[in-house]
Amino acid sequence: MEKSGLTGSRFLLVTILNVVITVFELLGGILSGSLSLLSDAFHNLGDALSVVLSYIAHRIGGRQQTRSNTFGYRRAEILAALLNAGILIVISVVLAIEAIRRLMHPEPVKGDIMLVVAVVSFLANLLSTVLLNHGAKHNLNIRATYLHLLSDALASVGVIIGAMLITVWQIYWVDPVITILVAGYISYESWPIIKQTFDILMEASPALDYEGISQDLTALPEVEGVHHLHAWQIDENNVVVSVHVNMDDLPLSQVEPIYRQIEAVLCRKYGVNHVTIQAECHRGENESLFYQQNDWRHD
């Protein structure tokens with residue numbers, strides 16, 4: 001937990017803040033008749049659950065590797081990030097549908113109550129985002145939770161503006177319009193997280209210069225060829241690579257220094273965290289850099 005700059009007490013404080021905001025906005029939304037407040041209340045309820053899920057996943061992700069999980073438990077945070085972002089998308093769709101209904105059938109809103117509740121909610125959400133800001137820079141799971149809270153803060157700004165317009169000019173259609181805009185923003189910010197987490201879970205290759213890797217490794221005097229390279233991510237910060245290299249028939253005492261050179265190139269230049277190397281003389285020397293389905297016949 002210390003690595004990301006977060007502590008259990010911060011998560012607890014953020015959770016308590018979101019529960020309080022939820023209750024406050026539910027009451028304010030009912031009393032004022034504001035869809036923006038009610039939608040933000042349900043959004044905050046989702047945030048409270050998101051923070052709890054994020055904390056649990058963060059704790060699980062910090063566990064050491066075991067016999068049954070040799071890469072550790074970091075994927076728990078990726079799963080939590082995917083779930084959190086998915087919930088945001090669902091909430092946004094529901095809010096947009098209800099807002100469209102409100103546009104077709106406008107309902108009166110008490111702007112003064114709406115304004116007070118929105119201001120208090122904004123301040124509480126702003127405090128929550130500050131508490132999670134540092135960890136969000138280095139952790140996809142915490143970033144998803146941070147976006148939950150940031151979107152709530154922005155939603156509160158929209159509600160404040162809407163409340164002012166309703167109070168002064170009785171422009172009731174502003175309430176559902178703001179809801180639609182916030183829902184669109186939430187979806188826009190959530191989609192990249194869904195894509196990135198899905199790519200990680202599907203073992204998609206990270207964005208590395210693979211041709212550059214091949215050229216750098218074959219530039220080493222002892223390496224004659226490179227093939228069957230595989231790269232994947234354990235989480236958004238840890239890249240793993242396995243690669244087969246062709247070289248002369250050398251004793252292990254001479255192969256190990258070459259391994260260290262390969263590891264140095266991959267780790268220092270390309271940001272790889274863990275490397276597995278298989279040395280071969282002629283096996284696979286005519287095969288492609290990436291594994292082809294029929295390559296196993298040559299192995």
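In this chain, residues are counted from 1 in sequence order.
The shortest non-hydrogen separation linking N273 to V239 is OD1-N, 2.7 Å. The heavy-atom pair separating A163 from G111 by the smallest distance is CB-O, 3.7 Å. Contact between I262 and V223 at its shortest, heavy atoms only, is CD1-CG2, 4.2 Å. Nearest heavy-atom pair, A81 versus T197, reported as atom, atom and distance to 0.1 Å: CB-CG2, 3.7 Å. Nearest heavy atoms, F24 versus S121: CD2-OG, 4.3 Å.
V275 places a side-chain heavy atom less than 4.5 Å from the side chain of C267. Annotation: side chain of L126 is in contact with side chain of T129 (closest heavy-atom distance under 4.5 Å). Residues T276 and V241 have side chains not in contact (no heavy-atom distance under 4.5 Å, counting atoms from C-beta outward). In this structure the side chain of V240 never reaches within 4.5 angstrom of the side chain of H230, judged on heavy atoms.
Under 3.5 Å, the side chains of H227 and N246 contain a donor-acceptor pair of N or O atoms. Side-chain contact, E280 with Q278: a donor N or O sits under 3.5 Å from an acceptor N or O. D175 and S34 share a side-chain donor-acceptor pair at under 3.5 Å.
In the hydrophobic clustering of ILVMFWY residues, with side-chain heavy atoms under 4.5 Å counting as a link, L181 and L165 come out together. Hydrophobic clustering (ILVMFWY, side-chain heavy atoms < 4.5 Å, transitive): M202 and L208 are in distinct clusters.
Residues in residues 199-225 take part in these ring pair (Phe, Tyr, Trp, His ring centres under 6.0 Å) pairs, two or more places apart or across chains: Y210-F290.
For the atom pair I277 CD1 and H244 NE2, the distance stands at 11.0 Å (nearest 0.5 Å). To the nearest 0.5 Å, atom CD1 of residue I178 and atom CG of residue L95 are 13.0 Å apart. Residue I166 holds its CD1 atom at 12.0 Å from CD1 of I113, rounded to the nearest 0.5 Å.
In terms of modelled atom types and a separation under 3.5 Å, the side chain of Y270 and the main chain of G212 share a donor-acceptor contact. Not a single donor-acceptor pair under 3.5 Å links the side chain of R75 to the backbone N or O of L201. Without hydrogens or angle criteria, N238 side chain to I234 main chain gives no donor-acceptor distance under 3.5 Å.
Under the side chain to side chain donor-acceptor pair (under 3.5 Å) criterion, K110 pairs with no residue at all, not counting sequence neighbours.
Here the options are L27, V20, I21, the test is side chain to side chain contact (heavy atoms under 4.5 Å, CB included), and the partner is V23; only L27 passes.
The pair K269-D216 counts as a salt bridge, with a side-chain nitrogen and a carboxylate oxygen less than 4.0 angstrom apart. The pair E98-R101 counts as a salt bridge, with a side-chain nitrogen and a carboxylate oxygen less than 4.0 angstrom apart.
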